[in-house]
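Before any comments, here is the structure.
Naming convention: chains lettered A, B, ... in sequence-line order (proteins, then strands); numbering from 1 in each chain.
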Amino acid sequence: MSTRIFGSGIRRREDPRLITGSATYTDDLTLPRMVHAAMLRSPHAHARITAIDTSKAAAAPGVIAVYTHADTEGGLQPAPCAWLLPDSDLKIASYHCLAKDVVRFAGDIVAVVVAESRYQAEDALELIDVGYEPLPAVTDPEAAAAEGAPKLHDEIDGNQAFHWKVAGGDVDAAFAGADVVVKDRIVQQRLIPNAMEPRAALASFVGATGELTVWNTTQNPHIVRFLTSLVLGLSEDKIRVIAPEVGGGFGSKIAAYPADFLTMFCSRKLNRPVKWTETRSENYQSTTHGRDHVQHVELAAKNDGTVLGLRCTVHAGMGAYLSTAAPGIPTILHGLMLSGVYTLPAVHEDVYGVYTNGVPVEAYRGAGRPEATFMLERMMDVLAARLDMDPADVRRKNMIPKFDDGHEVVTTLKYDSGDYPGALDKVLSHADYAGLRAKQKAGPANGTYTGLGLATYVEICGLGPSQVAGAIGFQGGLWESAIVRFHPSGKVHVFIGASPHGQGEETTFAQIVGSELGVDPQDVKVFHGDTDNTPMGWGTYGSRTTAVGGAALALTARKIRDKAKVIAAHLLEAAVEDMDYEDGKFFVKGAPDQSKTIGDIALMANVAWNMPEGVEAGLEASTFYDPPNFTFPFGAHLAVVEVDAETGAVALKRYVALDDCGPQINPVIVEGQVHGGVVQGVGQALWEEAVYDEGGQLVTGSMLDYALPRADLLPDIEVLSTVTPSPHHPLGVKGIGEAGTIASTAAVYNAVMDALRPLGVTSVRMPLTPERVWQAIQDARQAKG
Amino acid sequence: MYAPDFAYYRADSVAEIGRLLRAHPGAKVLAGGHSLIPLLKLRLAAPPALIDIGRVAELKGIAVADGRVRIGALTTHAEIAASSDVARHAPALAAAAGVIGDPAVRNRGTIGGNVAHADPASDLPTVLLALGASFAVATDDGERTIPAGKFFQGMMATALGDHDVVTAIDVPAAPGGQGQAYEKFSHPASRYAVIGVAATVELRGETVGNVAVALGGLVPAAVRTGSVEQALSGRAPSAEAIAGAAAAVSNDLGDDLIGDIYASAEYRRAMAPVCVKRALTAALKQASVADAPAARSPWWKPSWL
């Protein structure tokens, strides 16, 4: 086995079970005496509960119990918010698992029914009488922050959850000394994450032992265990949380949810296993949403295109309550990224987190960075248009030059390594950008306008140093762990604290072990997602599993290698310092035929018949890796679109994505991550939006109305890469899970605006539906006269 | 998604469908289930009983006879899209069937269920109206025939009585010199027609002969647009004549246009002439090559190929 297994595009070992339907998801599980829960959700966006009568439901066939808020007093704490943003006047409203007196979004849970079958539970929901006194609702974040807006929480003025600032350099001087200032109002519309598997929980409390086992669709089972101990008042050692197969998350399975805690509560009350799986409708109206920013942005520059400063105000809709990690998303993960790939001398941003009568907003693929990248990349194009420069030239003019080991930006982050101009140039030459521009200059054909859109980006991944986590109010650590255990036959078990749910780390982590120790990746089994048999870890989100967990694993493998070398030296009767290692073989320097394989060592270490003095039996090691810094993947994307001016329809004709995530463990998996990421970002630009009406009803309540990207609307994605290792990471890797999403919304949006420029259109609200584009064209024509 | 309780019956013959419908007032007929099952699961409908007609063999299949194509009510959209008979004699129908929903929908959804459901955003009612199709219907008293022009009566409303079942759809074979086209402005999520325009145009030498244009997605039930038809018939098929005729669609739209968050009524009103123009242009292109028999092979490409 060669070390070349690192970088090899071997097939994902997860796929056979996933694509043949053999994988076991939470909803596939059945336990003896298991019963089913269903949630009664508020039909109102905002209302006072005047009465609840559950008597008819309780008497319905098959019904075992019906609970309302009063039943949970003392047995269930509110769902916690665990990112306590410092210096922000953070005000956390209680997120009761069952609404107490007031419902604050259409989907807030009012009662839970447990019945012998899910059908019986659903039928019983219809028999619960709830008296509601409707209250005025507000779902737009700017409107919710305005004076006179309906107030969601009595104790919180102005619906303001927090006011957070980032400032660096002298932004006032930058604007005072600018030749040109460009402005825009950008709406990052509310999105629905749409994991293929809806959320589910199966809770089994056994009264005789006092132990609770929970199978849950989560990205972070160890966090769920910890928070469950707080919310249910159970001892953490009595709780086991298992994330079985999890069918995608995109951030929506980070949070600890009321419905999950309720399912556990019911099991504890009834001393029976209780299962709850949300319907897709419930998923839309209660599982966390993403984005929802209204951004006012100003960019100051010189006439030659040199950027001097960025000033912005963001109203971030948080929904009715603060979800688990929500406060950190539009702030730390957004505001600190505002320098992007550019030398930005000054920045000031005010972010207002605002309570609204909508589903709580959480991390959604990219989580804050797409909203920052869009802001910056859009303004670069607006500036280019104002100065009549090519967008590529404006970018190049302001880019941070190539660096290998650290570059501090105005927001105080220290980027690890990057070659931003290199990435841009490679995309431009691959796509023949000059040729595309020349063709575009020839003018529209048959009313079809061509547009080119660029977006360059850097993102913050590999979250992160735990000391920083503490400083920014994240109520946990951000290290990761790994245990590597060799069995006597040389086969390997790996246990990790992170919790992959579609990203393919069972394959890439086996490749890391394979390349570090010379074992066949097929002989490495990766365990994850069970708090009883994996070491503590903080979960899979923020493109951190490979960047942090992968480092823990590599360092663990190196510990094994060190120990194996000592054993090999002993067996070969050589001095340790005379030993060499290559491709899974330990040999005496200059005598490669005198060697032991890692398999030989595994056997000898496990039987321990002949161990060196002072060396323990067994071949096993573990590492808790706390990264010294974040990692900063980057890239450049180009979109080519055609706009049918007669209808406003946009067609994405070409997409080039260059992403630099450092050395690629498995390029096929990297490409898959880029494909999915790009498509999700394109979805925001062209199709997706969670729309609430005036009364706070979710109008896009199903896949009939919420337009997800479809294969037949997308071109082949041309995937390129450069390789810039992270200087502080044992493998140099940076993370790829979110990269595609971060740039693609801005690239596609910029391309459409580029196409519409001859028609006088400068801004259209996303998603760029045909009607909106067509209307913008009509408006621009009218304005021209 | 959990449907409310219902009784389930399976019919093995057309006669039994009628018997079951009479025996179970309020029962709904289940064919492909692609409209009915979602309604049940969303609890927007709660019929006491479903009568599954999916195994009634006499309702399946496509046959050509007497200058018409007879399509059994249980024929799926995919079967229609793939049928060489339909492609030859009713190419616009084949084209429309090929752009319904997605492959899963087309493999399961049926033409009979589609027309009986009469969703104004469906593709097939529009095409069948333009092609002058008629519907064979089994009733309490035997059988009757309803022309497409009388069948669609409003938003999800048809001329079918409580115990009536569509058994087959008869589509006249396209005469020589006629071109057909179906132009669809598709909703990106539902894949229903925001606007669907079906057009047949006969070319007689240098002039346009009979024209039929039907609209879907715009008004509560698919309708013909007489203004467009009259404006183009008898004219030379120039681009100006086509555009002028297409603009006449505005006369036939009335005040009751459908609008939603994706496409407002005003936008649909503005797009109707554009879609009509594109449908007429495509139909005329077909008509100009229609005389050559070889050209009557499928000219359209299903979206999934």
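Interface remark: A:Glu126 contributes side-chain atoms only to the contact with chain B (heavy atom separation under 4.5 Å). Looking at A:Pro770, both its backbone and its side chain come within 4.5 Å of chain B, counting heavy atoms on both sides.
Rounding to the nearest 0.5 Å gives a distance of 11.0 Å between CZ of A:Arg772 and OG of B:Ser264. Atom-to-atom distance recorded for B:Arg268:CZ and A:Glu771:CD is 8.5 Å, nearest 0.5 angstrom. Atoms CG and OG1, on B:Asp260 and A:Thr700 in that order, are 12.0 Å from each other to the nearest 0.5 Å. Rounded to the nearest 0.5 Å, atoms NE2 (B:His187) and OG1 (A:Thr769) are 9.5 Å apart. Atom CZ of B:Arg278 sits about 4.5 Å away from atom CG of A:Asp644, to the nearest 0.5 Å. Note that CD of A:Glu646 is 3.5 Å distant from NZ of B:Lys277, once rounded to the nearest 0.5 Å.
Listed options A:Trp774, A:Trp687, A:Tyr706 were ranked by heavy-atom pairs under 4.5 angstrom with chain B; first place goes to A:Trp774. Most heavy-atom pairs under 4.5 Å with chain B, from the set A:Asp693, A:Leu704, A:Leu686: that is A:Leu704. Your options are A:Val691, A:Leu708, A:Asp705, and the one with the most heavy-atom pairs under 4.5 Å with chain B is A:Asp705.
Within the 4.5 Å cutoff, the side chain of A:Leu125 has no heavy atoms near those of the B:Arg43 side chain. For the pair A:Glu689/B:Ile261, no side-chain contact is recorded, criterion being any heavy-atom separation below 4.5 Å from C-beta on.
The two residues A:Arg710 and B:Ala189 have their closest heavy-atom pair at NH2-O, 2.5 Å.
Checked by atom type and distance alone, the side chain of B:Tyr267 pairs as donor or acceptor with a backbone atom of A:Thr647 at under 3.5 Å.
At most 12 heavy atoms of other shown residues, nucleotides or ligands fall within 6.0 angstrom of atom CZ in B:Arg108.
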